[in-house]
*Asks:* 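Handing you this structure, nothing more for now.
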Amino acid sequence: MLNKIAKEELFFSDKGWLQSRFHFSFAEYINHDNRNFGVLRVLNDDVIKPQSGFDMHPHRDMEIVTYVTEGEITHKDSMGNEESLKAGEVQYMSAGSGVFHAEYNNHPSQDLKLLQIWILPPKHNLPTLYGSHRFVKEERENKLLHIVSSENSDAQIKLHQDVNIYVSELEAGKTLNFDLGVDRQVYFVVIKGELTLNALELSAHDACECVDETSLEIKALSDTHFLFIEMAKG
């Protein structure tokens, strides 16, 4: 079953310095019927204006992945980490027993665009960790790039939870296929362009819940960029 969530259905927040599409209940968007999809708790499609950002704030008991799609993010946290990451690069943090961090767009004129993904951890008070990986376009061009997985995997980024995150930039007319295991599901997001997902048309900022599907056929109708999160059903 494919359940398309058109971009027009997403809650849109505009704070001036920050514009966000919330896929799930978050901040001023309170919806008890739309709190998560499996262990996926938050997916925010954010645009952060130049020379602005999130000041130091706390997190705990959450696994957080940030996928930069345009611009550059600068991160600083209470664990002593500080770095900047550009489009296609990934930052991750397991907040565990508690951590403070800040995120900024320090560029004088360019917007920062990113997907902010929060994953529920398998248990409370896990060890805190921070990391990043500087993927390059060739790694995701016309192929599925496995950017995040659980600890026992070959993915570059490892979280405590049993999830897999894939990204791709697929040229118009090309097709990719992905097989789902038994009792697995996918949350799919189009970052730019148009594609069909098992013949269902999706365009930029649309999402799709994929449940009880054995495989996914992804065909690019135009040059497209997408991300999806694969996890256990529930």
Side-chain angles (χ1 to χ4, degrees), residues 1-49 52-69 73 90-103 112-126 128 148 159-167 183-191 197 200 202-213 226-234:
M1 179 186 71
L2 299 182
N3 177 32
K4 177 179 176 178
I5 304 160
K7 55 183 170 291
E8 294 82 7
E9 299 176 49
L10 301 173
F11 183 90
F12 184 73
S13 171
D14 189 349
K15 299 183 182 301
W17 66 273
L18 171 67
Q19 296 174 336
S20 302
R21 290 182 173 89
F22 297 151
H23 287 246
F24 304 100
S25 183
F26 186 84
E28 69 267 34
Y29 171 49
I30 300 171
N31 184 345
H32 297 296
D33 296 324
N34 185 32
R35 289 186 56 81
N36 63 289
F37 178 78
V39 296
L40 175 59
R41 172 61 188 89
V42 168
L43 201 157
N44 293 346
D45 186 344
D46 290 340
V47 179
I48 302 171
K49 295 300 181 180
S52 63
F54 300 94
D55 292 329
M56 198 68 75
H57 59 281
H59 289 284
R60 67 175 299 136
D61 291 327
M62 195 64 68
E63 311 224 82
I64 300 171
V65 176
T66 301
Y67 181 62
V68 183
T69 59
I73 188 171
V90 181
Q91 166 193 290
Y92 63 98
M93 183 172 68
S94 284
S97 56
V99 65
F100 285 78
H101 80 142
E103 294 175 310
L112 164 63
K113 298 182 181 181
L114 56 87
L115 295 181
Q116 181 185 167
I117 301 163
W118 292 16
I119 304 292
L120 296 167
K123 61 176 74 172
H124 296 304
N125 295 315
L126 288 166
T128 57
V148 174
L159 299 180
H160 300 297
Q161 184 56 271
D162 173 21
V163 295
N164 294 284
I165 302 179
Y166 295 85
V167 298
D183 292 329
R184 307 292 289 186
Q185 61 186 11
V186 159
Y187 195 83
F188 193 101
V189 180
V190 182
I191 298 167
L197 182 64
L200 177 69
L202 302 173
S203 60
H205 307 295
D206 290 345
C208 187
E209 298 174 341
C210 311
V211 181
D212 296 328
E213 298 287 329
F226 60 86
L227 174 149
F228 65 85
I229 305 152
E230 185 266 357
M231 69 200 84
K233 282 179 63 178

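These numbers come from the heavy atoms of this one structure, side chains and all, not from hydrogens, waters or symmetry mates.
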*Asks:* Report yes or no: does Thr69 contribute a side-chain atom to a donor-acceptor pair with the main-chain N or O of Lys113 at less than 3.5 Å?
*Replies:*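 Pair found, side chain donor or acceptor close to backbone of Lys113.
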*Asks:* Is it the case that the side chain of Asn34 and the backbone of His23 share a donor-acceptor pair, with hydrogens and angles ignored and the cut-off at 3.5 Å?
*Replies:*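 Yes, because the side chain of Asn34 sits within donor-acceptor range (under 3.5 Å) of the backbone of His23.
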*Asks:* Is Lys15 atom NZ crowded by more than 12 heavy atoms from other residues, nucleotides or ligands, each under 6.0 Å away?
*Replies:*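 No - once you tally the heavy atoms of other residues, nucleotides and ligands closer than 6.0 Å, there are 12 at most.
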*Asks:* For the side chain of Ser25 and the backbone of Asn31, is there at least one donor-acceptor N/O pair under 3.5 Å apart?
*Replies:*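 Answer holds: yes.
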*Asks:* Are Thr66 and Gln116 close enough that a side-chain donor and a side-chain acceptor fall under 3.5 Å?
*Replies:*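 No.
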*Asks:* Under 3.5 Å, is there a donor-acceptor pair between the side chain of Asn44 and the main chain of Phe22?
*Replies:*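 No, because the side chain of Asn44 does not come within donor-acceptor range (under 3.5 Å) of the backbone of Phe22.
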*Asks:* Do any N or O atoms from the side chain of Asn164 and from the backbone of Met231 form a donor-acceptor pair under 3.5 angstrom?
*Replies:*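 Judged by distance alone, no pair lies under 3.5 Å.
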*Asks:* For Ile5, give me all partners under side-chain contact (heavy atoms from CB on, under 4.5 Å), at least two apart in sequence or on another chain.
*Replies:*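 Listed in chain order: Asn3, Glu9, Leu10, Tyr187, Ala207, Glu209.
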*Asks:* First locate atom CE of Met1, then atom CD of Gln185, and finally report the distance between them rounded to the nearest 0.5 Å.
*Replies:*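 Reported to 0.5 Å precision, the distance equals 9.0 Å.
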*Asks:* Distance only, no hydrogens: is a donor on one side chain within 3.5 Å (strictly under) of an acceptor on the other, for Gln91 and Glu103?
*Replies:*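 Indeed, the side chains of Gln91 and Glu103 share at least one donor-acceptor pair under 3.5 Å.
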*Asks:* Could you state the interatomic distance from NZ (Lys4) to SG (Cys208), rounded to the nearest 0.5 Å?
*Replies:*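 Between Lys4 NZ and Cys208 SG, I get 9.0 Å after rounding to 0.5 Å.
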*Asks:* For His57, which residues count as a side-chain contact (heavy atoms from CB on, under 4.5 Å) partner, sequence neighbours excluded?
*Replies:*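 Partners of His57 under the side-chain contact (heavy atoms from CB on, under 4.5 Å) test: Phe54, His59, His101.
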*Asks:* Under 6.0 Å between ring centres: does that hold for Trp118 and Phe24?
*Replies:*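 Ring centres of Phe24 and Trp118 not closer than 6.0 Å.
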*Asks:* If you look at every heavy atom in Val190 and Ser203, which pair is closest and at what distance?
*Replies:*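 Here Val190 and Ser203 meet closest at CB-O, 3.4 Å.
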*Asks:* side-chain contact (heavy atoms from CB on, under 4.5 Å) with Asp14: which residues, sequence neighbours excluded?
*Replies:*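 So Asp14 forms a side-chain contact (heavy atoms from CB on, under 4.5 Å) with Phe12, Gln19.
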*Asks:* In Å, rounded to the nearest 0.5 Å, how long is the span from CH2 of Trp17 to CD1 of Ile48?
*Replies:*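 Going from the CH2 atom of Trp17 to the CD1 atom of Ile48 covers 6.0 Å.
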*Asks:* Spell out, as yes or no, whether a donor-acceptor pair under 3.5 Å connects the side chain of Arg41 to the backbone of Ile119.
*Replies:*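 No; zero donor-acceptor contacts below 3.5 Å.
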